[in-house]
Peer 1: 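Have a look at this one.
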4 protein chains.
Amino acid sequence: MSDVLTRPQEGETVGGIAADRLRSIIERVERLEEERKAIAGDIKEIFSEAKGAGFDVRTIKAILKLRRLEPAQVEEAETLLDIYKRALGM
Amino acid sequence: MSDVLTRPQEGETVGGIAADRLRSIIERVERLEEERKAIAGDIKEIFSEAKGAGFDVRTIKAILKLRRLEPAQVEEAETLLDIYKRALGM
Amino acid sequence: MSDVLTRPQEGETVGGIAADRLRSIIERVERLEEERKAIAGDIKEIFSEAKGAGFDVRTIKAILKLRRLEPAQVEEAETLLDIYKRALGM
Amino acid sequence: MSDVLTRPQEGETVGGIAADRLRSIIERVERLEEERKAIAGDIKEIFSEAKGAGFDVRTIKAILKLRRLEPAQVEEAETLLDIYKRALGM
DNA sequence: TTAGGCTATCCGCTAC
DNA sequence: GTAGCGGATAGCCTAA
């Protein structure tokens, strides 16, 4: 099969689809997903290092979560928890 | 095909495997997994009901987690969190 | 302690919370979680029995997974069909 | 504030914690999480562009999923082969 | 409603 | 032989 015939320079279309452009989109997304995966790996490494240095990873994650949340949200969550605990006599 | 021939009362073996027993094991596990799934559904229903009654489901889950943990563990986790927060000047 | 005083028939409220209902929710969930745990134990027992009978537990789990996946694959096929239909504008 | 006094070269400790190292860990993770978020944004942009060009985003995502699954299915086939080989005592 | 991230359980490994 | 450890997997929740 000759690509010269089936892939005109201006861009082939298959079933009305601009195939080159579709291909480009897919490949760019796949590339970014790889990067994302690599970053996830880096994060895991840091936690591993932290553990090796004697830190408690669970607590570090709790800290990260606190820093992500707005202080007001933290406050409200704690307040609500206290209310429920009180209601249960805890 | 006649099971009378292929499944002797004493238990067929296929490739040296006690097939009946294997079948039994698999079916029992599958049955239990269904039950487990049903229970998960029941729990979801309760949370749904709670939400409908105006409770904050997230907080309820926090309560459940606290009750699951030993009080000593809760204490220690909080202490550790405080130490880390202090170390970070939070 | 007199519940007559502290728990009115209409339901006590603590800090605006319907404490009895909250308690009920929590306890029901905890009960179900126990059941779920018990079932997990039953499953483990079966695997233990299987191992004792000379079966390879890893393989059995692989089989269970395959049987679980089969319905999903049927769906997957349907999804694929949908994709192609969409691509063809049907 | 004088870091000379509060942060000895060997590293300050707060409550027995190597605060600098903890800070470093937290900040590196936060940095990576930002990168991850940025990548997610890039992916969204591409989908947005695709949509603007007349592509069906849902279908593109389905294709990406299929391409992701393919390697997994290769592995799955090997697993299945192993199972059968085992069942045959090979 | 779906996809992605998070958590918790579970399994094998290793080291004691 | 056992118990902690690290990795893998499945289910849950949230956000788009």
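Throughout, protein chains are lettered first and strands after them, A, B, ... in sequence-line order, and every chain is numbered starting at 1.
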Peer 1: Please give, in whole Å, the distance from F:dT14 C1' to B:Lys44 NZ?
Peer 2: 12 Å

Peer 1: Just how far, in rounded Å, is P of E:dC6 from CZ of A:Arg58?
Peer 2: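 Distance check: A:Arg58 CZ to E:dC6 P gives 14 Å.
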
Peer 1: Could you state the NZ-C1' distance from C:Lys37 to E:dT9, rounded to the nearest angstrom?
Peer 2: 11 Å

Peer 1: Using 4.0 Å as the upper bound for N to carboxylate O, is an ion pair formed by A:Arg67 and D:Glu27?
Peer 2: no

Peer 1: Nearest whole Å is fine: how far is E:dT7 P from B:Leu69 CG?
Peer 2: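 Rounded to whole Å, this separation is 14 Å.
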
Peer 1: Whole angstroms only, please: what is the CZ-P distance between D:Phe47 and E:dG4?
Peer 2: 8 Å

Peer 1: In whole Å, what is the span from the CD atom of B:Glu45 to the C1' atom of F:dC12?
Peer 2: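 Going from B:Glu45 (CD) to F:dC12 (C1'), I get 17 Å.
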
Peer 1: Verify, without hydrogens or angle tests, whether D:Ser48 (side chain) and D:Lys44 (backbone) share a donor-acceptor contact under 3.5 angstrom.
Peer 2: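 Side chain of D:Ser48 to backbone of D:Lys44, a donor-acceptor pair under 3.5 Å: no, none is there.
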
Peer 1: Tell me, do A:Met90 and B:Ile63 make a side-chain contact under 4.5 Å, heavy atoms counted?
Peer 2: yes

Peer 1: Indicate whether OP1 or OP2 belonging to E:dT7 is found under 4.0 Å from a side-chain N or O atom of B:Lys65.
Peer 2: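 False: B:Lys65 side-chain N/O out of range (4.0 Å or more) of E:dT7 OP1/OP2.
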
Peer 1: In whole angstrom, give the distance that lies between atom CD1 of B:Ile43 and atom C1' of F:dC12.
Peer 2: 11 Å

Peer 1: Both D:Arg36 and C:Lys61 contact DNA chain E. Taking the nearest nucleotide for each, which residue is further toward the 5' end?
Peer 2: D:Arg36

Peer 1: Assess whether a salt bridge exists between C:Glu49 and B:Arg28, defined as any Lys/Arg side-chain N lying under 4.0 Å from an Asp/Glu carboxylate O.
Peer 2: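 So C:Glu49 pairs with B:Arg28 through a salt bridge.
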
Peer 1: Measure the distance from NZ on A:Lys51 to P on F:dG7 and round it to the nearest whole Å.
Peer 2: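 Checked: the NZ to P distance equals 9 Å.
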
Peer 1: Compare the minimum distances between each of E:dT7, F:dA10, E:dA3 and the side chain of C:Arg68, then state the nucleotide with the smallest one.
Peer 2: F:dA10

